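The structure under discussion is supplied below as structure tokens; questions concerning it will follow.
Computed from a prediction, not measured in an experiment: that's the story for all the values here. Heads up: numbering here begins at 1 and tracks the sequence.
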Amino acid sequence: MKHETVHGVSIPKIGFGTWKIGGDSYPDPKRDPASLTALHTALEAGYTHFDTAEVYADGHSEELLGRTIRETNTKRESLFITTKVDPAHLQYEQVLKSCENSLRRLKLDYVDLYLIHWPPRSGTQLNDAFRALNQLVKNGKVKHLGASNFNVKLLKQAQSLSETPLLTNQVPYRLPDRAYVENGVLEYCQQNDILLTAYSPVKFRNLPVNKTLQTIAEAHAATSYQIALAWLVAQPRVITIPMSLNPQHIRENFEAAEIELSKAEFETLSKLY
């Protein structure tokens with residue numbers, strides 16, 4: 001697996017997202033068998049970065065991830081765990097409580113990366129949130145801080161409030177969506193040693209039948225989805241967290257990091273925008 005290293009931290013180019021694990025906005029126990037199979041498969045395939053959030057299945061995704069780590073006797077130090085605080089919980093005490101609740105559900109002593117899931121309603125909330133986030137780092141509950149769905153203005157504000165370097169801004173980025181290119185976020189992250197974590201990286205309904213993708217995929221004995229992921233991870237300071245409940249797709253997503261696109265193939269794909 002290829003890695004990106006920023007601020008002395010090495011993170012896999014492809015991690016495992018857990019939205020839909022254990023439910024959507026609320027827990028759905030009927031999904032537990034498939035969710036646990038997916039998490040077990042991901043660990044067996046070699047994933048070490050797992051991304052979750054307190055709002056995923058109302059915390060049940062965190063519970064299932066923690067359960068899988070215990071059931072597989074996976075060493076904590078071999079994993080990079082990301083979770084997120086809901087923007088409804090950005091007051092000082094709420095942030096501290098949200099983090100404690102996430103750690104309790106995960107049954108972990110700390111998380112590697114803690115993100116503000118969505119931008120706050122006001123700059124005042126961001127000030128309050130970072131007072132708590134900085135304290136969590138000091139207390140050893142959180143190793144690194146980041147943001148999600150922030151524009152450049154908010155990212156700069158977050159940087160000014162964080163006492164440690166921001167590790168990432170997690171945003172929707174994929175073929176053929178260039179919103180976070182046009183708004184300057186990708187360039188700003190690349191120029192300021194902030195990882196852009198691409199979520200929903202293959203959410204393109206025409207992706208499997210796009211002729212350009214098909215041609216390049218055939219040349220690499222790969223799927224169109226793998227090529228879309230390979231295009232993402234070929235970019236500096238970009239990592240991604242695809243999610244799947246299908247064991248075959250989970251393995252294929254992981255293997256996509258090893259696909260080496262030529263310069264011509266990369267540029268051709270970039271023109272799909």
Side-chain angles (χ1 to χ4, degrees), residues 1-6 9-22 24 35 38-57 61-62 64-66 68-69 74 78-86 102 106 111-118 143-150 166-175 177 179-180 185-186 189 194-204 207 223 225-247 249-259:
M1 172 59 66
K2 297 171 186 173
H3 286 66
E4 280 285 339
T5 301
V6 289
V9 184
S10 181
I11 305 177
K13 275 285 197 175
I14 296 183
F16 188 81
T18 64
W19 169 242
K20 301 286 187 182
I21 291 289
D24 293 332
S35 296
L39 289 167
H40 278 258
T41 300
L43 278 172
E44 291 165 6
Y47 288 85
T48 56
H49 178 200
F50 289 81
D51 177 276
T52 187
E54 67 172 338
V55 298
Y56 293 174
S61 292
E62 291 176 324
L64 292 178
L65 175 57
T68 302
I69 293 169
T74 302
S78 70
L79 298 175
F80 190 93
I81 306 296
T82 299
T83 194
K84 313 177 195 75
V85 58
D86 189 288
S102 288
L106 288 160
V111 290
D112 298 277
L113 179 59
Y114 201 42
L115 311 181
I116 296 177
H117 204 156
W118 290 92
K143 298 294 185 184
H144 306 281
L145 300 175
S148 185
N149 302 294
F150 276 34
L166 288 188
L167 216 59
T168 191
N169 186 24
Q170 186 177 125
V171 300
Y173 180 43
R174 64 187 82 91
L175 288 172
D177 184 351
Y180 281 86
V185 166
L186 175 61
C189 287
I194 300 172
L195 294 177
L196 185 144
T197 302
Y199 71 79
S200 300
V202 290
K203 194 176 180 181
F204 175 27
L207 189 151
T223 69
Y225 294 106
Q226 286 179 306
I227 296 302
L229 291 174
W231 174 82
L232 278 173
V233 301
Q235 300 173 56
R237 293 294 181 257
V238 175
I239 66 173
T240 187
I241 46 169
M243 182 276 167
S244 178
L245 291 169
N246 182 310
H249 293 166
I250 290 169
R251 296 186 187 97
E252 288 175 349
N253 289 345
F254 186 81
E255 293 164 1
E258 303 309 315
I259 297 172

Can you tell me if Arg174 uses its side chain to pair, donor with acceptor, with the backbone of Ala198 under 3.5 Å? no

CA sep, side-chain torsions, deciding dist, call: Thr18, Ser61, side chain to side chain donor-acceptor pair (under 3.5 Å): CA-CA 7 Å; Thr18 64; Ser61 292; 4.6 Å; no

Minimum-distance pair of heavy atoms, taken over all atoms of Ser244 and His249: OG-CB, 3.4 Å

Does the pair Ile239 and Glu4 meet the rule for a side-chain contact (heavy atoms from CB on, under 4.5 Å), with working shown? CA-CA 7 Å; Ile239 66 173; Glu4 280 285 339; 3.8 Å; yes

Do Tyr173 and Trp231 have their ring centres less than 6.0 Å from each other? yes

Where is the tightest heavy-atom contact between Ala57 and Gly22, given as atom of each residue plus distance? CB-O, 3.5 Å

Taken to the nearest 0.5 Å, the spacing of Leu195 CG from Leu166 CG works out to 11.0 Å

Check: Phe80 ring centroid to His3 ring centroid under 6.0 Å: no

Hey, are the side chains of Thr223 and Glu252 touching, using non-hydrogen atoms and a 4.5 Å cut-off? yes

Determine the interplanar angle of the Tyr47 and Phe254 rings, folded into 0 to 90°, and report it as parallel if under 30°, tilted if 30 to 60°, perpendicular if over 60°. tilted

Non-hydrogen atoms of Asp86 and His117 that approach each other most closely: CA-CB, 4.5 Å

To the nearest 0.5 Å, what is the distance between NE2 on His40 and OG on Ser35? 11.0 Å

Examine the side chains of Thr52 and Thr83 and answer whether a donor and an acceptor come within less than 3.5 Å of each other. no

Just how far is it from atom CE of Met243 to atom CG of Leu245, taken to the nearest 0.5 Å? 3.5 Å

Tell me, do Val85 and Leu115 make a side-chain contact under 4.5 Å, heavy atoms counted? no

All heavy atoms of Val202 vs all of Ala228, minimum pair found to be CG1-CB, 4.0 Å

Drop me the distance from Tyr225's OH to Ile227's CD1, to the nearest 0.5 angstrom. 13.5 Å

Kindly indicate whether the side chain of Lys143, heavy atoms from C-beta on, has any atom under 4.5 Å from the side chain of Leu113. no

Can you check whether Phe150 reaches Ile116 side chain to side chain, under 4.5 Å on heavy atoms? yes

Would you check if Leu186 and Arg237 make a side-chain contact, meaning some heavy-atom pair closer than 4.5 Å? no

Value for NZ (Lys13) from CE (Met1), rounded to nearest 0.5 Å, stands at 10.5 Å

Please step through side-chain contact (heavy atoms from CB on, under 4.5 Å) for the pair Asn149 and Gln170, ending with a clear verdict. CA-CA 6 Å; Asn149 302 294; Gln170 186 177 125; over 6 Å; no

Qualifying residue, where the test is side chain to side chain contact (heavy atoms under 4.5 Å, CB included) with Ile11 and the options are Asp112, Thr5, Thr48, Leu167: Leu167

Kindly compute the distance separating CZ (Phe16) from CG (Leu39), expressed to the nearest 0.5 Å. 5.5 Å

When you compare the side chain of Asp51 with that of Tyr199, does any pair of heavy atoms fall below 4.5 Å? no

Applying side-chain contact (heavy atoms from CB on, under 4.5 Å) to Asn169 and Leu196, what does each step give before you reach the verdict? CA-CA 5 Å; Asn169 186 24; Leu196 185 144; 5.9 Å; no

So do Ile69 and Leu79 actually touch side chain to side chain, heavy atoms under 4.5 Å? yes

Could Lys84 and Glu54 be called an ion pair, given the rule that one side-chain N must be under 4.0 Å from one carboxylate O? no

Decide yes or no for Pro242 and Ile14: does some side-chain heavy atom of the first lie under 4.5 Å from some side-chain heavy atom of the second? yes

